[in-house]
Amino acid sequence: MAGTTVNGLRLTVLVGEGDRWRHRPMYTEIVHRAHAAGLAGASVLRGVEGFGTHSRIHTDRLLSLAEELPMMVVIVDAEERVRGFLPQLAELSLEGLVMLDPVEVVR
Amino acid sequence: MVRRQWDVLAVISAGGVLGALARYAVSRALPPSPTGFPWGIFLVNVTGCMLIGVLMALVAHVWPGRRLLRPFLGTGVLGGYTTFSAYTVDIVRLADAGAATVAAAYLVGTLLVALPAVYGGMVVTRWLVRR
Amino acid sequence: MTVLLVALGAAVGAPLRYLVDRAVQARHDAVFPWGTFTVNVVGSFLLGLLTGGALAGVVSGEVSALVGTGFCGALTTYSTFGYETVKLVEAGAFGQAFANVAVSVTTGVAAAAAGYALTV
């Protein structure tokens with residue numbers, strides 16, 4: 001497992017499950033844009049509990065609090081490609097967190 | 001934020017009406033008697049519990065991100081369809097009418113069938129979805 | 001006519017359940033389903049009052065349909081109670097799940113009995 005590593009950048013976007021961009025889920029829009037931009041890959045992960053800017057807890061354990069569960073989009077690629085993608089995200093006027101962190105990708 | 005709250009409340013109210021009318025129809029078809037087992041509400045609560053298991057599995061695995069679906073079907077329709085107050089009051093009413101055994105059987109029987117029905121609905125739906 | 005009264009009561013009861021649930025849950029740490037517990041106990045007491053009153057002949061069929069079948073029926077819920085209990089079991093919180101069932105049923109029946117005893 002001591003393979004070579006290459007430097008990259010990880011883009012993590014947190015959105016609400018119900019967030020929309022022109023009638024389609026926000027996370028779907030981000031994945032489509034990443035795909036169209038030719039990025040290496042994108043994954044969407046579902047959250048089961050959390051709270052955000054309105055500091056109201058959402059959880060799938062309680063029916064009346066089960067709206068707006070968090071969804072996380074993760075994209076990893078070379079730094080210049082990820083940074084080149086950011087203007088496309090800016091158009092979406094996201095409410096949630098958008099994070100960048102440097103990563104090493106094991107080849 | 002305010003607009004969001006209003007449309008959620010509106011679909012819950014509409015769903016609640018549909019659910020309550022369905023419950024009313026079942027209780028008209030199977031009317032309660034002073035000392036008999038309340039089969040109508042028993043049936044309502046058991047089927048409603050099974051359906052919420054099915055619904056929550058579908059919302060999580062098949063229809064994520066439909067903002068109003070869970071409030072409409074889960075909180076509204078199934079919440080309005082099933083009832084806890086008729087369950088507790090029927091237990092009291094039966095006990096007061098001298099049918100303590102029926103009351104106890106109804107109390108325990110609903111729990112023993114309805115709660116596994118939630119789980120069964122959820123697990124079977126998840127299994128069908130993943131095939 | 002009765003159908004309309006049931007519908008009207010439910011149109012108010014269902015959204016009120018949602019609002020009470022969220023208001024109660026906002027005051028707790030969102031672990032134990034106190035919101036559903038609250039509406040179920042309050043609804044049980046109210047329906048107990050009405051049922052006792054109906055047996056005593058002081059509550060009309062119209063009021064029973066509107067406030068009992070419609071409002072109390074939609075305010076309270078068995079499906080959410082069941083779902084939240086099963087989620088506690090799935091999370092491994094067996095003690096909480098058992099407590100939810102035991103406390104909801106005993107308090108709900110006690111509330112219904114109290115309401116019933118006041119009017120019957």
Side-chain angles (χ1 to χ4, degrees), chain A residues 10-31 41-76 89 92-101 103, chain C residues 10-43 71-104 107-108:
Chain A
R10 173 171 56 192
L11 167 66
T12 308
V13 185
L14 289 176
V15 297
E17 192 187 20
D19 289 354
R20 283 282 184 280
W21 176 256
R22 303 207 171 127
H23 303 294
R24 72 174 5 173
M26 186 62 89
Y27 53 85
T28 305
E29 179 64 23
I30 297 171
V31 169
S43 303
V44 181
L45 298 109
R46 167 190 309 287
V48 296
E49 190 156 332
F51 69 91
T53 42
H54 307 293
S55 78
R56 190 183 302 126
I57 287 189
H58 310 289
T59 170
D60 75 338
R61 290 179 293 102
L62 299 168
L63 195 62
S64 69
L65 303 183
E67 295 149 44
E68 298 291 304
L69 293 175
M71 305 285 286
M72 185 165 83
V73 187
V74 183
I75 293 171
V76 178
L89 273 189
L92 299 174
S93 52
L94 295 163
E95 279 186 33
L97 272 181
V98 180
M99 295 164 284
L100 289 173
D101 41 357
V103 293
Chain C
V12 177
L16 187 62
R17 163 162 41 81
Y18 174 80
L19 291 174
V20 170
D21 191 350
R22 288 179 70 99
V24 168
Q25 219 60 62
R27 282 165 183 75
H28 294 87
D29 57 358
V31 172
F32 195 83
W34 286 117
T36 303
F37 168 83
T38 305
V39 288
N40 280 344
V41 169
V42 171
F71 179 78
C72 289
L75 178 70
T76 63
T77 173
Y78 215 93
S79 50
T80 307
F81 161 69
Y83 171 75
E84 290 170 349
T85 304
V86 166
K87 288 302 278 187
L88 287 170
V89 171
E90 277 202 321
F94 300 112
Q96 299 250 29
F98 180 79
N100 187 39
V101 172
V103 172
S104 296
T107 315

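So that the names make sense, note that chain A is the first sequence line, chain B the second, and so on, each numbered from 1.
Among all heavy-atom pairs drawn from C:Glu84 and A:Leu63, the shortest one is OE2-N, 3.1 Å.
Atoms CD and CG, from C:Gln25 and A:Leu65 in turn, are 5.5 Å apart once rounded to the nearest 0.5 Å. Between the CG atom in A:Asp60 and the OH atom in C:Tyr83 there is a gap of 4.5 Å [rounded to 0.5 Å].
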